[in-house]
Structures are given as structure tokens and as C-alpha cells.
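Since the structure comes first, as C-alpha cells, the remarks are kept for the end.
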Protein chains: 2
Amino acid sequence: MKPHEASQCCGPIDDLLDAELFKALGEPTRLKLLSCLAKCGRPCSVTELAECCDVDYSVVSRHLGMLERSGVLSASKEGRTVFYNVRYQHLTDAFRSLAKAIETCRPKCGTKKP
Amino acid sequence: MKPHEASQCCGPIDDLLDAELFKALGEPTRLKLLSCLAKCGRPCSVTELAECCDVDYSVVSRHLGMLERSGVLSASKEGRTVFYNVRYQHLTDAFRSLAKAIETCRPKCGTKKP
DNA sequence: TGCATACATGCGTCATCATGCAAACGTAGT
DNA sequence: ACTACGTTTGCATGATGACGCATGTATGCA
């Protein structure tokens with residue numbers, strides 16, 4: 001089979017290859033924010049998270065918004081403070097599903113055409 | 001604990017959050033190339049893979065090179081043809097490790113400070 | 001009402017990047 | 001040596017994105 005003819009022969013890998021998710025995670029500052037938030041283990045405000053990295057508050061705010069839109073973080077507002085948290089379950093599910101889908105695509109020993 | 005004070009309290013998540021990997025996967029054309037290659041289930045040449053997407057050969061060549069440098073694909077040359085293949089094991093390991101690290105960061109019920 | 005806090009948004013700037021074209025490179029066959 | 005083929009690379013261009021600053025919006029407090 002030619003590559004461009006390959007359709008749905010090994011699971012829903014196309015649905016799991018989410019460009020927006022990877023794009024959100026493909027930036028050092030955003031990655032650092034995620035790391036700080038995960039290691040902190042509790043919801044944090046924008047101001048708190050801004051201390052993690054050496055960029056302006058406004059930049060942090062934008063990064064957090066992008067991470068939320070891409071499904072990495074969740075946001076909850078309390079008064080005038082916005083708390084962001086890691087969507088642990090969503091992320092672990094996404095990466096485990098992706099790992100499984102990739103594994104499924106891998107040709108096993110004895111996978112040969114007649 | 002403040003976010004910027006969080007260090008190594010929940011596993012080597014920083015080592016697993018590879019910005020280069022995510023950046024490589026955060027582009028639709030590259031994602032399509034990976035998808036085609038995975039679904040095809042065998043090493044493919046640049047020319048073959050170029051039929052997957054509507055961009056120039058040179059663009060495909062550059063994308064494949066980047067995917068290789070970021071650890072997504074492997075390359076092997078046979079004569080004047082270069083065959084790319086998915087690094088199945090490496091990718092599944094990376095995503096599974098990441099899922100586990102994120103899961104470990106998640107606060108369990110009863111995780112409270114004294 | 002007035003003011004401070006916490007965050008979001010508009011805008012300009014600079015860097016990065018995806019793309020196509022042309023040319024170069026290496027290899028195989030005649 | 002010449003030619004054809006597969007791939008890579010140099011270059012210009014247009015688009016996207018990260019950043020800082022200033023401003024706007026919403027909330028809490030006196």
C-alpha cells in the first residue's frame with residue numbers, strides 16, 4: 001500500500017494526533033508553566049505562575065489561555081483571581097491512547113502480505 | 001509551596017517535556033506525514049511520502065529531517081533513496097513515561113499539608 | 001465613589017517558520 | 001562521460017507567533 005492510500009488501517013491515530021495540543025506544548029515558556037503547575041500540585045493563579053518565568057504578566061496570561069484552549073489546563077475564577085490547574089486525567093488519557101495507537105501501527109513479526 | 005519554588009518533587013517530568021518533540025509534532029503537514037508513515041506500516045521514501053501532502057518535495061524533505069532530528073522518525077539510505085520509518089518504540093515509551101509522570105504529579109485524595 | 005488588585009486585550013516589533021523555486025549534491029545506469 | 005533520478009540546500013517571501021508596553025475590564029475594599 002502506498003502511503004497516500006493509507007486510510008484507517010490501524011486505529012484512530014489521526015484523531016489522537018492533535019496539532020493544537022502539540023503546538024501548545026512546543027514552546028519552552030508554556031512548557032515551564034505546565035511543569036511548575038504540575039510540580040506544585042494545586043491550582044495556581046496567574047500572578048503566582050508568572051514568577052516561574054521571566055516574561056511579562058500579559059505574556060503569561062496569553063500562554064495560560066492557550067494551554068487552556070488546547071485542553072492542557074483548566075481555569076476557574078474566584079473573585080478577581082483565576083486559578084489554573086493541570087487536566088491530569090485528560091493529559092494522561094491522551095498520551096496513553098496515543099502510545100497505544102502508535103504501538104498498534106507497528107508491524108509485528110510475521111506481518112507480511114500474501 | 002509556591003510554583004516557582006517547585007523543584008523535583010514529583011519525578012523527572014522536566015526531562016520528559018521535550019519542547020523539540022512537541023514542536024515537531026505541532027505542525028499539520030508533519031503530523032500528516034507521520035500519520036501516513038504509521039498507517040503504511042513500513043519504511044517509505046521521500047518521494048512516496050510527498051504524495052501524502054500537497055507541498056513541494058523540498059518541503060517534505062525538510063519536514064522529514066526535522067522529524068528525524070526530534071526523534072520521531074529514523075532514516076536509512078539505500079542507494080539514492082532515503083527511507084524513513086516511525087520510531088515506534090521510542091515514541092510509545094516517551095508518551096507512556098510522560099503519562100505516568102503527569103499522573104504521579106496529580107494530588108491524591110488525602111494529600112494535605114500538616 | 002474612589003482606588004487598588006488581578007487579569008485580559010490591542011498594538012507594534014522582532015524573530016521564527018512554512019513554502020516554492022532554483023540549484024547543487026550524490027548515486028545508478030547506459 | 002553523460003544522463004536520469006532521488007534528495008538536499010540556498011534563497012526570497014509571506015504568515016505565524018512570542019514579547020513588552022499600554023490600556024481596558026472586572027472584582028474587592030475603604
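Order of the sequence lines fixes the chain letters, A, B, ..., with proteins taken first and strands second; residue numbering starts at 1 for each chain. Just so you know, these numbers use all the heavy atoms, side chains as well, and skip hydrogens, waters and symmetry mates.
A donor N or O paired with an acceptor N or O is not found under 3.5 Å between the base of D/dG17 and the side-chain atoms of A/Arg30. A donor-acceptor contact under 3.5 angstrom links the side-chain atoms of B/Arg62 to the base of C/dG20. In this model, a side-chain donor or acceptor of A/Arg80 finds a partner on the base of C/dT5 within 3.5 Å.
Within 4.0 Å of A/Thr29, counting heavy atoms only, lie sugar-phosphate atoms of the nucleic acid but no base atom. Residue B/Tyr84 is classed as a sugar-phosphate contact, given heavy-atom separations below 4.0 Å to backbone atoms only. Across all strands, B/Val59 comes closer than 4.0 Å to base atoms (heavy-atom distances).
Salt bridge annotation for A/Lys39-B/Asp14: present, with a cationic side-chain nitrogen under 4.0 angstrom from a carboxylate oxygen. Salt bridge status for A/Glu103 with B/Arg96: present, with a side-chain N to carboxylate O gap under 4.0 Å.
Which of D/dT8, C/dC7, D/dC19 sits closest to the side chain of A/Glu27 comes down to D/dC19. Considering only the side chain of A/Ser58, D/dA22 comes nearest among D/dA22, D/dA18, C/dG20.
Residue A/Ser61 places at least one side-chain N or O closer than 4.0 Å to OP1 or OP2 of C/dA8. Applying the 4.0 Å criterion to OP1 and OP2 of D/dG17, one finds that A/His63 has every side-chain N and O outside that range. Proximity of A/Lys77 to the phosphate of C/dA6: no side-chain N or O atom is located under 4.0 Å from OP1 or OP2.
Side-chain atoms of B/Leu31 and A/Asp18, non-hydrogen and from C-beta on, never get closer than 4.5 Å to each other.
Residue A/Leu64 is the one, among B/Val55 and A/Leu64, whose nearest nucleotide of DNA chain C lies closer to the 5' end (criterion: closest heavy atom).
In this entry the distance linking CG of A/Asp56 with C1' of C/dG10 reads 14 Å, nearest Å. Between B/Met66 atom CE and D/dT7 atom P the separation is 20 Å, expressed in whole Å.
B/Tyr84 pairs by the ring pair (Phe, Tyr, Trp, His ring centres under 6.0 Å) definition with nothing, not counting sequence neighbours.
Under the 30°/60° scheme for interplanar angles, the aromatic rings of B/Phe95 and A/Phe22 are found to be tilted.
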